[in-house]
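The next block holds one structure in the form of structure tokens; read it before the comments.
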Amino acid sequence: MTIRLYNTLSGKKEVLETIEPNKVRFYACGPTVYNLFHVGNGRMFVVFDTVRRYLEYRGYEVRFVQNFTDVDDRIINRANELGENVRDVANRYIEEYFRDADALGIKPATVHPRATECIPEIIAFIADLIRLGHAYEREGDVYFDTSSFAEYGKLSHQSLDEMQAGFRITVLEHKDDPTDFALWKSAKPGEEYWESPWGPGRPGWHIECSVMNAKYLGEEIDIHAGGRDLVFPHHENEIAQSESRFGHTFARYWLHNGTLNINGEKMSKSLGNFIMTRDLLEERSAAAVRFFLLSAQYRHPLNYTQDAMEQAEQSVVRIGRSLRNLAHRREVLLEGPSFARGDEGVRNEVQAEFDGVRKMFVDAMDDDFNTADAIAAVFEAVRLANTYLAEDQVRESELNGWESLISELLSVLGIQLSNDVTPQSTARSEDEEIESLIAARNQARKARDFKRADEIRDELSARGITIEDTAQGTRWFRS
RNA sequence: GGCGCCAUAGCCAAGUGGUAAGGCAGAGGUCUGCAAAACCUCGAUUCGCCAGUUCGAAUCUGGCUGGCGCCUCCA
């Protein structure tokens, strides 16, 4: 069993072969912290969080690094707009990132470096590039000389000639060539700056990622991930910088997720057609949002619509009901006569079903993290579990088996189903009353006084209590 | 202008040469006093359109149409 992943560099699916056995060095580009992140950004975080979880599930020790770009024109502009200090703005949005990421079930990376924490290393890296003849200084700015890197364009599959032909407006500044890009930008009056051999200034955008990779993961890494829109120029430039500096392969596998679209267009801050993740979470469950974001293969575009979100919500409800029914059945079982608790282990045919579902899931995820197929495996487990629940005799070990299997798969996808949100204190005091109403209703049903039974059900329903009569008794829950 | 991607049922979405997964919504059935939950069955003779290759194509090739992304900040 091997994991295959689509590598943007080769344009093919390749077998994952890591630098060190059972260890993955994984870098994903993080946000520029000048605002909250929108659902499109959220897709990227969720997708690669899921890749990371899956690699861990498959036994890899994953060292996952995700940076914060906390030096950027946009942050400076934002700070000016707000009349605040640049550092304060950046720090605040880093905190806000963690808040929303946590709400979406995105695990913190192993390391979350910030560009401002790596300034000395960035300066040293740039100095090395100049020394090696890959960069030049012009009036306090430093540029990377793309013509010095023969393989420039290999990630985006374009030649330098093609790129130059594509430049509509040539903004040369001090650059020798339009495809050259800034490594170091001299500070404009009033801007935050760091001292450097080229005068006061700040790092360009691309250099921080090259530096952080080297600093936290080493000169060569296994997986580098980001959104499709980072392929060019950002990742192309990272490759140019790192490979020019170290003289060998930078990242083995380049993973890029498709855009999240809305009304057929890419959701982006510059187009202004975005929905903040935080706002979406006000009206939708995190589980549904995450389900939606994983409902398509990560490389494909995904269109955001109300309808699709509603469908995701319903799908998640179906899974949740199955888990709820498994838990209820176990509760009844444990309360029942002791012979019903007999636990002789899991029957072979049920074990075979567990194995079948798990294989379906792993096969799907092994094939370039096909979460759409993986979700189908979850539904297969749900269907089989529900079928098992319809049996007259069930065993605790098997109920537990279904529950833990479904939970196991959901946790790899990072989908956490919210439990009853009613505060415990309120819940407990109310429980007794509900139980007695249900008992009264069952008395009425026994006496075939269905009018009275339905009245009680309506009353409970009005209080937000849904009841379901099963062969094992009546179960209820807050809706 | 250059590079690249996509087009599968009402909706979402897998499937890259062997005869169309899964989910949502819908219809019918079973169970139930009823309801709910659940299970079963039904739904694309067909995969944007037109040619071609092949014993065989949603899957490969060419053309066309429609849509998107990148080439400028962007996950």
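Order of the sequence lines fixes the chain letters, A, B, ..., with proteins taken first and strands second; residue numbering starts at 1 for each chain.
Among the atoms of the strands shown, none is found under 4.0 Å from any heavy atom of A/R324. Contacts of A/T259 with the nucleic acid, taken as non-hydrogen atoms under 4.0 Å apart, include base atoms. At a threshold of 4.0 angstrom between heavy atoms, the contacts of A/E310 with the nucleic acid are absent. Among the atoms of the strands shown, none is found under 4.0 Å from any heavy atom of A/R299. Residue-level contact check: A/Q158 touches the bases, meaning some heavy atom is under 4.0 Å from a base atom. Residue A/A296 is classed as a sugar-phosphate contact, given heavy-atom separations below 4.0 Å to backbone atoms only. Across all strands, A/T387 comes closer than 4.0 Å only to sugar-phosphate atoms, never to a base (heavy-atom distances). A/F450 comes within 4.0 angstrom of a base, heavy atoms only. Among the atoms of the strands shown, only primed sugar atoms or phosphate atoms (P, OP1, OP2) are found under 4.0 Å from some heavy atom of A/R74. When heavy atoms are screened at a 4.0 angstrom cut-off, A/G42 is found touching no nucleic acid atom at all. At the heavy-atom level, A/H234 lies nowhere under 4.0 Å from the strands shown. Among the protein residues, A/D373 comes within range of the nucleic acid bases, having at least one heavy atom under 4.0 Å from a base atom.
Of the nucleotides present, B/U30 is the one that pairs with B/A38 by Watson-Crick or G-U wobble criteria, both distances under 3.5 Å. Within the shown strands, B/G67 is the pairing partner of B/C5 under the Watson-Crick or G-U definition, both distances less than 3.5 Å.
Side-chain contact between A/E310 and A/R284 is present, with heavy atoms from C-beta onward closer than 4.5 Å.
Counting atom types as modelled, A/N261 pairs no side-chain N or O with a base atom of B/G69 as donor and acceptor under 3.5 Å. At a cut-off of 3.5 angstrom, counting only N and O atoms as typed in the model, there is a donor on one side and an acceptor on the other between the side-chain of A/R457 and the base of B/C34. With hydrogens and angles left out, the side chain of A/D73 and the base of B/C73 share no donor-acceptor pair within 3.5 Å.
Taking side-chain N and O atoms only, A/N370 has a distance below 4.0 Å to OP1 or OP2 of B/G15. Between A/R321 and B/A38, a side-chain N or O to OP1/OP2 separation shorter than 4.0 Å is present.
Residues A/F37 and A/Y97 bring their aromatic ring centres within 6.0 Å. You'll find the ring centres of A/H112 and A/F98 inside the 6.0 Å limit.
Taking atom CG of A/D458 as the reference point, atom P of B/A35 lies 14 Å away to the nearest angstrom.
The neighbour count for A/Y57 OH, taken as heavy atoms of other residues, nucleotides or ligands under 6.0 Å away, is above 12.
With A/Y6 as the aromatic partner, A/R299 meets the cation-pi criteria of under 6.0 angstrom to the ring centre and within 45 degrees of the ring axis.
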